[in-house]
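Values in this document were obtained by computation on a predicted structure and should not be read as measured data.
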Amino acid sequence: MHRTSYRILAVLLLTACAACGGEKPPAAAANNNNVSNQNPGEAGVKTPPADIVRAETQGVEMAAGGAAEAAVRLSIADGYHITANPATLSYQIATQVSVEPGDSITAGQPVYPSSVMRKFAFEPQPFAVYEGEAVIKLPLRAAPGATRGAHTLRLKLRVQACDDQSCYPPRNINASIPVTIK
């Protein structure tokens, strides 16, 4: 009984080794660099040109216990756009601002600008985008006991830039808002 089991095992091992050890047929070897052989996250990834999207902020002044509104101005290079917030399609990555917790300064919900609907070669239906310049408003509130003087509110913007043919991987842009408590 053991002899039969060993023979079957030996035949299976030889078959497996023959299948693995053989040369690939020329057609299979020629397709070795196909996109389908790459990791899904690497397939078709293009490196975006520098400075497609730039973020600018200006200083804000407010009293302790008071409120103010900051503006984050996004400048988008000609020929490019970024996905609006909210995004039109479920797979799109919407432009998003997140604020790090600050020293006695809190940020409310960002107010995203109006978008424009555009149709591009890579998507059959139009979707909402920002082009040129987009200003995101950010309501701020200082705690009643906030220390007077200069503070810095740190932001992270997540954007996905696209041209008229395809989209680039999303990226984070760090920015800060100088806040003076009077």
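Closest of all the heavy-atom pairs between Ser115 and Ala84 is CB-CB, 3.5 Å. When all heavy atoms of Ala161 and Ile52 are compared, the pair lying nearest together is CB-CG2, 3.6 Å. Between Lys119 and Gln125, the shortest heavy-atom contact is CD-C, 4.1 Å. Pro139 approaches Gln109 most closely through the heavy-atom pair CD-O, 3.3 Å. Residues Ile136 and Pro113 share a closest heavy-atom pair of CG1-CD, 4.0 Å. Here the closest non-hydrogen pair linking Met117 and Ala128 is SD-N, 3.5 Å.
Using a 4.5 Å cut-off on side-chain heavy atoms (C-beta onward), Glu56 and Ser75 make contact. In this structure, Leu138 and Val99 have side chains that are in contact, with non-hydrogen atoms separated by less than 4.5 Å. Arg118 places a side-chain heavy atom less than 4.5 Å from the side chain of Glu131. Under the 4.5 Å side-chain criterion, counting only non-hydrogen atoms from C-beta, Ile177 is in contact with Val60. Using a 4.5 Å cut-off on side-chain heavy atoms (C-beta onward), Asn174 and Leu157 make no contact. Using a 4.5 Å cut-off on side-chain heavy atoms (C-beta onward), Glu69 and Leu140 make no contact.
To the nearest 0.5 Å, the span separating OG on Ser176 from CG on Leu155 amounts to 7.0 Å. Rounded to the nearest 0.5 Å, atoms OH (Tyr112) and CG (Leu74) are 9.5 Å apart. Note that the CD atom of Glu123 and the CD atom of Gln92 stand 7.0 Å from one another [nearest 0.5 Å]. We find the OG1-CG distance between Thr152 and Asp103 to be 9.5 Å, quoted to the nearest 0.5 Å. The OG1 atom of Thr83 lies 8.5 Å from the OH atom of Tyr91; values are rounded to the nearest 0.5 Å. Atom CE in Met62 sits 8.5 Å away from atom NE2 in His151 (nearest 0.5 Å).
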Go through Val129 and Ile82 one step at a time and tell me if the side chain to side chain contact (heavy atoms under 4.5 Å, CB included) criterion holds.
CA-CA 6 Å; Val129 299; Ile82 59 176; over 6 Å; no
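Linking ILVMFWY residues whenever their side-chain heavy atoms come closer than 4.5 Å, directly or via other members, places Ile76 and Ile173 in the same cluster. Both Val53 and Tyr80 are assigned to one and the same hydrophobic cluster, defined by single-linkage of ILVMFWY side chains at heavy-atom distances under 4.5 Å. Note: the hydrophobic cluster containing Tyr130 also contains Val72 (ILVMFWY, side chain heavy atoms under 4.5 Å, direct or indirect links).
Between Lys156 and Glu100 there is no salt bridge, since none of the side-chain N atoms of the basic residue sits less than 4.0 Å from a carboxylate O of the acidic one.
Sorted by first and then second residue, the disulfide (SG to SG under 2.5 Å) pairs with a member in residues 117-146 form an empty list; sequence neighbours excluded.
With sequence neighbours left out, Phe122 forms a side-chain contact (heavy atoms from CB on, under 4.5 Å) with His81, Phe120, Phe127, Cys162, Cys167.
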